[in-house]
Amino acid sequence: MDIVAALVILVAICGVAWIVSAPLRWGGERMQAEVSDRVAELRAHRDAKYREIRDAELDMQTGKLSADDHRVLDRQLRAEAMEILRELDDAER
Amino acid sequence: MATVGRALLILALVVAAYGVLASIYGARAQRPEWVASGRRAVYAVAALATGAFAILEIAFLRSDFSLSIVASHSSTTTPTFYKAAAAWSSQEGSLLLWLWLLSLWSSLVLFLTRRQLRLVAPYATAVLLGFAAFFAGLLVFKASPFQTLAMVPAEGSGLNPLLRHPSMMIHPPMLYSGYTLFAIPFAFAIGALITRQVGAADWIRSTRRFALAAWFFLGIGVMLGARWSYMELGWGGYWAWDPVENASLLPWLTGTAFLHSIMIQEKRGMLKIWNISLVLTTGILAILGTFLVRSGILDSIHAFVGSSLGGPFVVLIGTMIAGSIGLVVWRREALRSENRLDSMLSREAIFLANNLVLVGLAFVVFWGTFWPLIAEALTGSRRALGPPWFDRYTVPLAIVLVLLSGIGPLIAWRRATAANVRRNFLFPVALALLLGVVLAAFGVGSRPLALAMFVCGAFVVFAVGQEFWRGVRVRRAMTDDGPLAALLALVGRNRRRYGGYLVHVGMAVLFIGIAASTAFNATTDVRMNPGDKTTVGGYEFTYDKPTSGATFTQAGNIEKISFGAIVTIRKDGKTVASLRPERGYYPSRDASLGPVGRYFEGEATSEVGLKGGLQRDLWTAMTPNIRALQPVIDEGDKVLGAVIDELPPEEAGALLGRSLRVLIERYEAKPPAATFRFITSPMVTWLWIGALIVFGGGLIAMWPAPDAARRRATAKLAARVAEDLGRTEKRAETRTA
Amino acid sequence: MHPARKRRIRLIVALSAAVILACALVYTSFGASDESVQPSQLTGAQPGVSYQLTGKVADGSVRERSGGVDFRVRDREGSKSVPVTYTGAVPDPFREGREVIVTVRRQGSMFVAERDSLITKCPSKFTEDTNQKS
C-alpha cells in the first residue's frame, strides 16, 4: 500500500469518527435545540390539516361528498385545526 | 486506489453496524445524542459509498485494467458513456450502486425528518443501516469490486454490445433507485410498528413522497427494459413474462396498491392492516427482485449465472418476512380501523377492490414466476409456465383494474346515492359504451378482451376529462380566471389529485396500446433475396437491396461489421416507409477463430428498422445467412493467418482491413438470402405515450407546492379558522359568564 | 341486516373469491406448465408432450435454414445431446456454447421447437470470477 492510499484511508477514518461522534460531544442545550422542534412538527400538522379541509371542499364541489357529509366533516376538521393552532400558539410562546 | 476503495467499504460496514447499535440504544435508553449519532452514521455511510463508487467510476473511465471487473466489462474501445455505465453491468458494481443509492436516499429522508418522528426515526435508521450493512458485507466478503489482477491485461473484454444502448444503461440505476427508495417506507413502517405509532399517519406523511418516488423510478426502469427489448432485440416484443421482468413488476404492483390505500387511512382511518402489510410486502419484494436477478435459481434470459450470494439473500428475505409478520401480529390492536365500510358503492369500497385486484395481479405474477421452484418442491420435477398462462389471468385483472381507475375518481365517499351516481357517471359511461358500439361495428368485436379494454380505457379518459372540466368550472366560479389559468391553478393547488388523475389517463392509454398491439398485430418470418416482396398486415414489404459497412474505433480498427438491407414498405401502391434493418457483428477476442472468422463468432446485434406512428408501427429485423459467406471467410482466414503474425502491427492491421473490405463489398455484390421478420403492430406507440403521461402525472403529484402558494393558502384558511376560533371562544365565555 | 353480519358476509365472500382464484391458479399451473428438463432427461420423452429444455448449444451443431435454425442441445455438464429443429426469431446472443431455454415436443428422434420459444441466456456477467486474485 502506498503512502497516499494510507493517508486517504486515515483521513476517512478520522472524518467518519468525527462526524459520527459529534452529537455525543455536544452539550445538553445543543442537543435540546436539535431535538425539540415541536413548532416545525405542529406547522406540518397544521398544513396537512388545511389541505384536508380544502380537499373536502373540492370533493363536495365536484360531487364526491354530499352537502350533509361535508358539513359534518368540515366541522370536525376545523375543530382539529383549531386544536393544532392552539398547541402551536403555546409552543411558539 | 483499489486498496482505498476496499478500505472505504470495510469502514462503511463498520460504521453501519455501529449506527444500528447506536440508534437502537439511543431509542431504548432515551438518549437523543446516540440517536443523532446513529443518524450521522447514515450520512457517513453515504459519504463512504460515494467515495468507493467514485473510485470505481474513475477506474472505468481511465480503463484501469488492474481491476478485475474493469478488465472483464470494459475496454479501451468502449465509448466513454458506456465505460461509465459499465461500472454497474457487473455483479460487484451493481451491488455498490445499490449501497450508494440506498445510503443517499436514507440520508435525505433522515435529514428531512431529523426533527420529527422522534419515536419512529431511530428504528427506521437502524433498519436502513441494517440493509446498508448487509450490502456492505456482501461487497467486503463475497463480491469485492476492487479485486485486482496479478497480471494487468493490455485490453479489456469490453461491454457486451447488446447493452450498448442508452436505455439499457439507465435501466439498472432506475430500477435500483426504485428498490432502494421502497426500503424507506419499509423501514419507517417497521419503526412505527415497534413503537406502536402505526395508528397515526405521521410516518406515512413523511415517507409518502419517497414511496411515490420509488414507484416512479421503478416504473421508469420497467418501461426502459420494455422499450429496449422492442427496439434492440430481434423479436419485436416488449414483454415476455420473464422471471426477472416479473420480479421488478411485483413491488411496483404492491407499491401502487399502497399509494392508493394510504389515502383511505388518512381520510378515514381505515385499511391500516392493509397499508402496513402492503408496505412491508413491497419492501420484501424489492429485495427479492434484487436477489432474483443475480441468483440463477430461475431460468431467465437475464440469467446472470448463480453465485454464492444466494444464501445471504435468502436469510435476509426470511428475516424480513418473519419479522414483518411477527410485528404486525404483535401490534394488531393498534391497527384496528377507526371507521367501517358504509356501503359497497363508495370510494372506500373501490379502493379496497383496487387493493384486491393489484394484490391479485401480484399473486398471479408471483405464482407463475416461482412455479418452477414450487413444482419442484411439490413433485420433484421442475415445471415452467409460459406467457399464455400469465396472459390468461393478468388480462382480465388488468381490464378490471383500468375500470376501477375510472370509477375511483368519480364515485362519492361513504355512500354513493343513485342521484350521485347518475350525475357523475352518466356522461363518461355513455360515451365509452357508444365508442364500444362503434368499434364493434368496425369488427373490433372479434377480439372481445381487446374491445373490453378499449371501452374501459375510454371510460377512464372521459371520466378524468369530466373531473378536470368540473374542477375548472368550480375554480372559475370562485375567481375571475380564464379557462387556461383556472386549469393551471387547479392542478397547481391540488397536485396530488390531478397528477394522480393524469396517471390514470396514462395507464388507460398504455393498456389500450398493449391491447391493440397484441390483439391485432401481424408477424411474418420469411427468407428473401433482393427483389422479393411479401405482404404483412395489409402492407407490402420489398427487400430492395443489401447494404454493408463497417464502423471503426478511434484507433482505426474495425469495431463492427454490419450487413443490412433496404426495405421499402408500400400500402395501396404508395410508399409508406423505407427501412434499413441491419445485423452487426462484433469480433471475438479469441484469435484462434481466425483473423476474419472471429468477427462472426463474437457478439451479434440487431439494428431494428422501425417506422413508428400513432396508428401503427412497421417493424423489421433481418439475419443474413452468414453460412453462405463461409468459403470467403475461410479463404480470408487461410491467407491472412499465414502472414499476419509475421507482419508489423500497422501492416497487419491494414491487410486485415483490406480483407474485411473485400468481404463487405462481396456481401453487397452477391448477397446471400436473408431471413426477415416483419411486424405490423397497431397503436403500439400509445404504450410509450401512455407511459410518458404516467410519469408526467407522477411528477406533478410528487412536486412540492411552492412556499409562496402554500403561505397564501394557509393564510386565508388561518383567517377563517381564527374567525371560528374567536366565535367559539366568545360562545364559551358567554356560557361560563 | 345487522352491520356486523353484513361485514362478516362481505369478508366470507371476499375470502371465498380469493380461495377460488388461488385454486384456479394452482389447478391450471400443473396443466399449463411444461416439465423443465435437460437433454439427458429426455430419453424417456413422450411424443406430443411439451418440455422446457435447458442446456447448452453443442459446438459445431448449428445449421441455419430458411425461417429458423437446427442445432443440438447438450447437458450443462456433460455431453449427452439432443437434436432440435427450431422455427422463429433467433435471439441475438444465440451461438454455440451458450445456454438456451426452448420449448420442444418429440417427433420421432427429433425434437421440434415451439415457434419463437427460444431464449438464449445473456452471456454470464455475474459469474464467480475464477481469475487471479491479488
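All heavy atoms count here, side chains included; hydrogens, waters and symmetry mates do not.
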Point-to-point distance, once rounded to the nearest 0.5 Å, from [atom1] of [X] to [atom2] of [Y]:
X	Y	atom1	atom2	answer
B:Trp235	C:Leu118	CH2	CG	12.5 Å
B:Asp242	C:Ile101	CG	CD1	7.5 Å
B:Thr379	C:Glu35	OG1	CD	7.5 Å

Check this for me: [X], atom [atom1], are more than 12 non-hydrogen atoms of other residues, nucleotides or ligands nearer than 6.0 Å?
X	atom1	value
B:Met344	CE	no
C:Gln107	CD	no
C:Arg8	CZ	no

Is it the backbone or the side chain of [X] that comes under 4.5 Å from a heavy atom of chain B, or both, or neither?
X	value
C:Phe30	both
C:Val37	neither
C:Val100	neither
C:Ala17	neither

B:Leu385 versus C:Ser33, closest heavy-atom pair with distance: CD2-CB, 3.5 Å
Residue, of C:Gln41, C:Gln52, C:Glu96, that accumulates the most heavy atom pairs under 4.5 Å with chain B: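 The candidate making the most pairs under 4.5 Å is C:Gln52.
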So which of C:Ser36, C:Ala32, C:Ala14, C:Gly68 has the biggest tally of heavy-atom pairs under 4.5 Å with chain B?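 Between C:Ser36, C:Ala32, C:Ala14, C:Gly68, the count favours C:Ser36.
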Under a plain distance cut-off of 3.5 Å, with no hydrogens placed, do C:Ser29 and B:Trp367 share a side-chain donor-acceptor pair?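 The criterion, which ignores hydrogens and geometry beyond distance, is satisfied for C:Ser29 and B:Trp367.
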Side chains of B:Thr605 and C:Asp92: is there a donor and an acceptor less than 3.5 Å apart? no
Portion of [X] that has a non-hydrogen atom of chain C nearer than 4.5 angstrom:
X	result
B:Leu341	both
B:Glu376	neither
B:Thr623	neither
B:Val364	both
B:Phe600	backbone
B:Ala375	neither

Pair B:Arg382 + C:Asp34: basic N to acidic O under 4.0 Å: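 A salt bridge is absent here (no side-chain N lies under 4.0 Å from a carboxylate O).
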Carboxylate-amine/guanidinium proximity below 4.0 Å for B:Glu603 and C:Arg98: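 So B:Glu603 pairs with C:Arg98 through a salt bridge.
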Give the intermediate values and the outcome of side chain to side chain contact (heavy atoms under 4.5 Å, CB included) for residues B:Arg677 and C:Asp116. CA-CA 12 Å; B:Arg677 172 168 274 214; C:Asp116 287 344; 2.6 Å; yes
Validation row: B:Trp389, C:Leu25 side chains within 4.5 angstrom (heavy atoms):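 In short, these two side chains touch, coming nearer than 4.5 Å.
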